[in-house]
Amino acid sequence: MTVYIKEIRQSFKAWCIWTISISFMLLMCILIFPETKNQMNSVSNMFANMGSFTSAFGLDKLNFGELMGFYGIECGNTLGIGSGLFSALLGISALSIEEKEHTAEFLLTHPVSRLSVVIQKLLSVLTQIILMNIIIIIVAVISFIAIGESFEMRPFLLLHFAYIIMQTEIACICFGISAFSKHGNTGTGLGIAILFYFINIICNISEKADFLKYITPYAYADASNIISESELEGDLIFIGVLISIAGILTAILKYTKKDISG
């Protein structure tokens, strides 16, 4: 597990920065809720009449004046964008960083197969995603307790479960792409995450673009649908899992055969 430990140590600083930043933003959002909830009903009514903007962000399905509605809209967007970008960065650099930093020759001279390298790097990516989400969930629950507000456990857990699957899919897609790259391509990873986010917005605005929900992982991690219906879209998650597996297999097939320069 040498490669796995090396990857965890190498990414620890970035993981801390992203996890603390996202957790802090969620904390601030939750802490201001008691001060604003009396005004949120009127805000909800205002947003409910804003046409496409309302549909784009699911404002027609959630109530700002309720904790879970507020959490889904305000915190959900923060978590969705932030965690999606971090997952993309993890995946896109996983297999290309050795060539980018010219450490591939040193790594591959060790008694470890390329398949083992891929698996250990993938495990490090998934570990960081899971640990980040555990910290975020703990911070959110402590924040709920701190403001003295009760919350619905089922939609809360379903929402965070969907986010973990969404982050994993984005990471696996970028992980597959990283096997073809020699320079990290950070911009590509960030671009993929942002593209998926805006595709979901388009899906919410136009029924004609509904087919795009099968492309973007944000479709099954949409807080407005999960919280309002208290259930997940199993078919979309299944497709997301298949895409994740395809990304992993692509990485294995390419990385184990590619000509790697140190």
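Heavy atoms only: backbone and side chains are in, while hydrogens, waters and symmetry mates are out.
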Quiz item: So which pairs with a foot in residues 139-148 pass salt bridge (Lys or Arg N to Asp or Glu O under 4.0 Å), sequence neighbours left out?
Solution: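 Output for this query is empty, none listed.
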Quiz prompt | Pairs involving residues 9-34, ordered by first then second residue, that meet salt bridge (Lys or Arg N to Asp or Glu O under 4.0 Å) (sequence neighbours left out) | solution =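 Listed by first then second residue: nothing to list.
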Run the side-chain contact (heavy atoms from CB on, under 4.5 Å) test against [X] and tell me which residues pass, sequence neighbours left out.
X      : answer
Leu195 : Ile199
Ile177 : Ile92, Ile173, Ile192
Ile81  : Leu85, Tyr197

Give a yes or no on whether the backbone of [Y] and the side-chain of [X] come within a donor-acceptor separation of less than 3.5 Å.
X      : Y      : value
Lys254 : Ala179 : no
Trp15  : Gln128 : yes
Ser181 : Ser178 : no
Tyr218 : Gly80  : yes

Please round to the nearest 0.5 Å and tell me the distance separating atom [atom1] of [X] and atom [atom2] of [Y].
X      : Y      : atom1 : atom2 : result
Met166 : Ile129 : CE    : CD1   : 9.5 Å
Cys75  : Leu79  : SG    : CG    : 8.5 Å
Thr216 : Ile201 : OG1   : CD1   : 9.5 Å
Leu126 : Leu90  : CG    : CG    : 9.5 Å
Leu122 : Phe175 : CG    : CZ    : 4.5 Å
Met132 : Ile164 : CE    : CD1   : 8.5 Å

Quiz item: In terms of side-chain heavy atoms, does Glu7 have a donor or acceptor partner in Ser11 at a distance below 3.5 Å?
Solution: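 No, no side-chain donor-acceptor pair sits under 3.5 Å.
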Quiz item: Among the clusters formed by ILVMFWY side chains lying less than 4.5 Å apart, do Tyr214 and Leu212 turn up in the same one?
Solution: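 Linked, Tyr214 and Leu212 end up in one cluster.
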Quiz item: Going only through I, L, V, M, F, W and Y residues with side-chain contacts under 4.5 Å, is there a path from Ile165 to Leu249?
Solution: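 Both belong to a single hydrophobic cluster.
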Quiz item: Please, which pairs that meet ring-ring contact (aromatic ring centres under 6.0 Å, His included) have at least one residue in residues 120-141, sequence neighbours excluded?
Solution: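 Every candidate ring-ring contact (aromatic ring centres under 6.0 Å, His included) pair involving residues 120-141 fails, so no pair, neighbours aside, qualifies.
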Quiz: residues 25-32 side-chain donor-acceptor pairs under 3.5 angstrom, not counting sequence neighbours:
none

Self-check item: Glu233 vs Asn225, side chain to side chain contact (heavy atoms under 4.5 Å, CB included): CA-CA, chis, key distance, verdict
Solution: CA-CA 9 Å; Glu233 296 191 62; Asn225 292 328; 4.1 Å; yes
Practice problem: Name all residues meeting the side chain to side chain donor-acceptor pair (under 3.5 Å) criterion together with Thr256; count only those two or more places apart in sequence or in a different chain, and write none if there are none. | Solution: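 Expected list: none.
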Exercise. For Lys121 and Val117, run side chain to side chain contact (heavy atoms under 4.5 Å, CB included): C-alpha distance rounded to whole Å, both residues' side-chain angles, the deciding distance at 0.1 Å, then the answer.
Key: CA-CA 6 Å; Lys121 282 177 173 285; Val117 170; 3.7 Å; yes
Exercise. Enumerate the residue pairs fulfilling side chain to side chain donor-acceptor pair (under 3.5 Å) with a member in residues 157-172, sequence neighbours excluded, ordered by first and then second residue.
Key: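 Checked against side chain to side chain donor-acceptor pair (under 3.5 Å) - neighbours excluded - the pairs reaching residues 157-172 are Tyr71-His160, Ser83-Gln167, Asn133-Gln167, Glu169-Tyr220.
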Quiz item: Can you list every side chain to side chain donor-acceptor pair (under 3.5 Å) pair that touches residues 21-30, not counting sequence neighbours?
Solution: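 Those involving residues 21-30 do not exist here.
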Run the side-chain donor-acceptor check on residues 141-159: report pairs under 3.5 Å with partners two or more places apart or on a different chain.
| from | atom 1 | to | atom 2 | distance (Å) |
| --- | --- | --- | --- | --- |
| Ser143 | OG | Val139 | O | 2.7 |
| Glu149 | OE2 | Lys37 | NZ | 2.6 |
| Arg154 | NE | Ser230 | O | 3.1 |
| Arg154 | NE | Ser230 | OG | 3.3 |
| Arg154 | NH2 | Ser230 | O | 3.3 |

Quiz item: Which is it for Ile215 and Phe196 under the side chain to side chain contact (heavy atoms under 4.5 Å, CB included) test, yes or no, and what are the steps along the way?
Solution: CA-CA 8 Å; Ile215 298 175; Phe196 281 150; 4.1 Å; yes
Quiz item: Between Ser116 and Gln120, does a side-chain hydrogen bond (donor to acceptor under 3.5 Å, both in side chains) hold up when you go through it step by step?
Solution: CA-CA 6 Å; Ser116 178; Gln120 290 186 60; 2.8 Å; yes
Self-check item: Criterion side chain to side chain contact (heavy atoms under 4.5 Å, CB included) on Tyr255 and Leu115, from CA distance to verdict
Solution: CA-CA 8 Å; Tyr255 194 79; Leu115 176 60; over 6 Å; no
Quiz item: Mind checking whether Ile119 and Tyr4 have side chains closer than 4.5 Å, heavy atoms only?
Solution: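 Ile119 vs Tyr4: side chains apart.
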Report all side-chain donor-acceptor pairs from residues 235-247 shorter than 3.5 Å, counting only partners two or more places apart or in another chain.
| from | atom 1 | to | atom 2 | distance (Å) |
| --- | --- | --- | --- | --- |
| Ser244 | OG | Gly240 | O | 2.9 |

Quiz item: Do you know which of Phe86, Phe24, Phe12 makes ring-ring contact (aromatic ring centres under 6.0 Å, His included) with Trp18?
Solution: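 Between Trp18 and the candidates, ring-ring contact (aromatic ring centres under 6.0 Å, His included) is satisfied uniquely by Phe86.
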